[in-house]
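Protein chains get the first letters and strands the later ones, always in sequence-line order, with residue 1 at the start of each.
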There are 2 protein chains.
Amino acid sequence: MTRWLTADEEQAWRAVRRFLTVLPSRLARDLNQLGLSSADYEVLSTLSEQPDHRWGLRDFAVKMQWSRSRLSHHAGRMEARGLITREPDPADARGSIYHLTDAGLELLRQAAPGHLDSVRERFVDHLTPAELATLGRLAERIADLPD
Amino acid sequence: MTRWLTADEEQAWRAVRRFLTVLPSRLARDLNQLGLSSADYEVLSTLSEQPDHRWGLRDFAVKMQWSRSRLSHHAGRMEARGLITREPDPADARGSIYHLTDAGLELLRQAAPGHLDSVRERFVDHLTPAELATLGRLAERIADLPD
DNA sequence: AGCATTTCTTTGACATGTCATAGAAATCTG
DNA sequence: CAGATTTCTATGACATGTCAAAGAAATGCT
């Protein structure tokens with residue numbers, strides 16, 4: 001017995017679907033102007049949050065919620081652009097340690113303010129603090145559901 | 001002068017980012033079990049909402065918010081699978097009219113209940129009607145911002 | 001210790017999306 | 001009406017993601 005969506009549910013779901021596609025694409029477009037893809041930015045900022053700017057692929061992939069294959073491919077491209085390096089892990093010769101280069105850090109520093117403006121202009125500044133908190137709470141509830 | 005995010009804003013934004021990536025990926029995974037990609041499903045359901053199951057590429061792409069190139073490529077693949085057909089537009093020989101095949105409609109009908117369950121299980125059923133309405137209203141506000 | 005199993009990153013083949021362009025047809029202009 | 005311009009879809013080249021498999025190293029078992 002399929003429970004179809006009520007009219008209200010349907011309307012809300014349509015709005016949320018649009019939100020899900022449109023916001024990321026706007027942020028990506030803004031970032032592209034700064035010379036980075038969204039994926040690039042995530043990699044750089046995640047790496048930069050690590051104290052020594054290093055991370056082994058496996059944990060890095062878990063942290064980013066990316067497949068290891070995806071991260072390895074993407075890292076290869078970023079390495080070719082000089083934004084990160086990959087070195088063998090001294091503690092486990094199978095492993096690979098990713099490290100942010102100076103150029104990568106510089107590019108991130110240069111792009112961050114623009115990206116932040118973008119997040120404000122496309123999202124944060126259009127909600128009151130209470131609305132943002134509510135939205136964050138509901139988003140978290142959904143995101144925290146089991147996979 | 002860059003206005004950084006406050007701690008509250010940062011927390012909410014992180015939750016929303018996770019929501020933006022995780023929910024679509026779960027829905028896509030569920031749909032894949034049913035033999036369709038999310039893109040396939042959107043194409044089929046959008047076409048099926050048209051009274052005669054036909055749509056010219058241009059307006060179709062606008063409705064879906066896809067580039068015409070993307071839709072043309074995707075339609076080529078779906079045509080090869082027998083889910084839609086493309087015919088020249090009698091009113092404008094440059095144009096192309098997309099039409100849902102019986103097989104396409106059948107596949108959509110077969111997948112729809114499962115997808116609906118998925119939307120409920122991954123999203124709708126975890127919010128009260130009031131929460132869903134609020135979320136929909138906020139999502140709509142953001143989505144309706146100029147591009 | 002030795003062999004099988006597991007774990008790890010990388011790679012290759014392939015699916016999908018973007019951007020620029022081709023080629024045909026409609027529209028605009030004088 | 002003729003020629004230039006615009007508009008249209010399809011396509012090719014390329015970037016990016018997925019999935020399966022390869023190859024090396026660590027781990028487990030007897």
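- The ring-ring contact (aromatic ring centres under 6.0 Å, His included) contacts involving residues 88-120 of chain A comprise A/Y41-A/H115, where partners must be two or more places apart or lie in separate chains.
- Among the protein residues, B/S96 comes within range of the sugar-phosphate backbone only, with heavy atoms under 4.0 Å from sugar or phosphate atoms but none that close to a base.
- Rounded to 10°, the angle separating the first-five-pair axis and the last-five-pair axis of the helix from C/dA1-D/dT30 to C/dG30-D/dC1 equals 20°.
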Can you pull every protein N or O that's under 3.5 Å from an N or O on nucleotides 21-29 of chain C?
| from | atom 1 | to | atom 2 | distance (Å) |
| --- | --- | --- | --- | --- |
| C/dA26 | OP1 | B/A93 | N | 3.2 |

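- Atom CG of B/D52 has more than 12 neighbouring heavy atoms from other residues, nucleotides or ligands inside a 6.0 Å radius.
- Within 4.0 Å of B/S67, counting heavy atoms only, lie sugar-phosphate atoms of the nucleic acid but no base atom.
- Residues B/S37 and B/N32 share a closest heavy-atom pair of CA-OD1, 3.6 Å.
- Here the straight-line distance linking atom OG of B/S96 with atom CZ of B/R68 works out to 12.5 Å at 0.5 Å rounding.
- Between A/D125 and B/R3 the shortest side-chain heavy-atom distance falls below 4.5 Å.
- For the ring-ring contact (aromatic ring centres under 6.0 Å, His included) condition, no pair includes a residue of residues 76-96 of chain B, sequence neighbours left out.
- Screening residues 117-147 of chain B for ring-ring contact (aromatic ring centres under 6.0 Å, His included), with sequence neighbours left out, gives A/W13-B/F123.
- A/R18 meets the salt bridge (Lys or Arg N to Asp or Glu O under 4.0 Å) test with B/D144; sequence neighbours excluded.
- For the segment residues 77-90 of chain A, the set of residues with a heavy atom within less than 4.0 Å of an atom of DNA chain D comprises A/R77, in numerical order.
- A/T6 is listed as a side-chain neighbour of A/E9, based on a closest heavy-atom distance under 4.5 Å.
- Residues A/L108 and A/S45 meet the side-chain proximity criterion, which asks for heavy atoms closer than 4.5 Å.
- Inter-residue side-chain proximity for B/R54 and B/L100 is flagged as unmet; no heavy-atom pair is nearer than 4.5 Å.
- Ranked by how close their nearest DNA chain C nucleotide is to the 5' end, A/G95 and B/H74 are led by A/G95.
- A donor-acceptor contact shorter than 3.5 Å is absent between the side chain of B/S118 and the backbone of B/G114.
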Validation: residues 70-89 of chain B side-chain donor-acceptor distances under 3.5 Å, sequence neighbours left out:
| from | atom 1 | to | atom 2 | distance (Å) |
| --- | --- | --- | --- | --- |
| B/H74 | ND1 | B/R77 | NH2 | 3.3 |
| B/H74 | NE2 | B/D40 | OD1 | 2.6 |
| B/E79 | OE1 | B/R86 | NE | 3.1 |
| B/E79 | OE1 | B/R86 | NH2 | 3.1 |
| B/E79 | OE2 | B/R86 | N | 3.2 |
| B/R81 | NH1 | B/D40 | OD1 | 3.3 |
| B/R81 | NH1 | B/D40 | OD2 | 3.1 |
| B/R86 | NH1 | B/S72 | O | 3.3 |
| B/D89 | OD1 | B/A91 | N | 2.7 |

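- To the nearest angstrom, C1' of C/dT10 lies 8 Å from NE2 of A/H73.
- Within residues 22-30 of chain A, no residue has a heavy atom under 4.0 Å from DNA chain D.
- A pairwise comparison of heavy atoms in A/A111 and A/L34 identifies O-CD1, 3.6 Å as the closest pair.
- A 4.5 Å side-chain heavy-atom check between A/I142 and B/R122 finds every atom pair outside the cut-off.
- Shown here are the salt bridge (Lys or Arg N to Asp or Glu O under 4.0 Å) partners of A/D147, two or more places apart in sequence or in another chain: B/R26, B/R29.
- As a whole-Å value, the separation of A/L71 CG from C/dT10 C1' is 12 Å.
- Counting heavy atoms from C-beta outward, A/L135 and B/F19 have side chains that stay 4.5 Å or more apart.
- Note that the first and last nucleotides of DNA chain D, 5' to 3', having any atom under 4.0 angstrom from a heavy atom of chain A are D/dT16 to D/dA26.
- Near DNA chain C, defined here as any heavy-atom distance below 4.0 Å, the residues from residues 43-64 of chain A are A/L57, A/R58, listed numerically.
- Here the side chain of A/E140 pairs no donor or acceptor atom with the backbone of A/R137 at under 3.5 angstrom.
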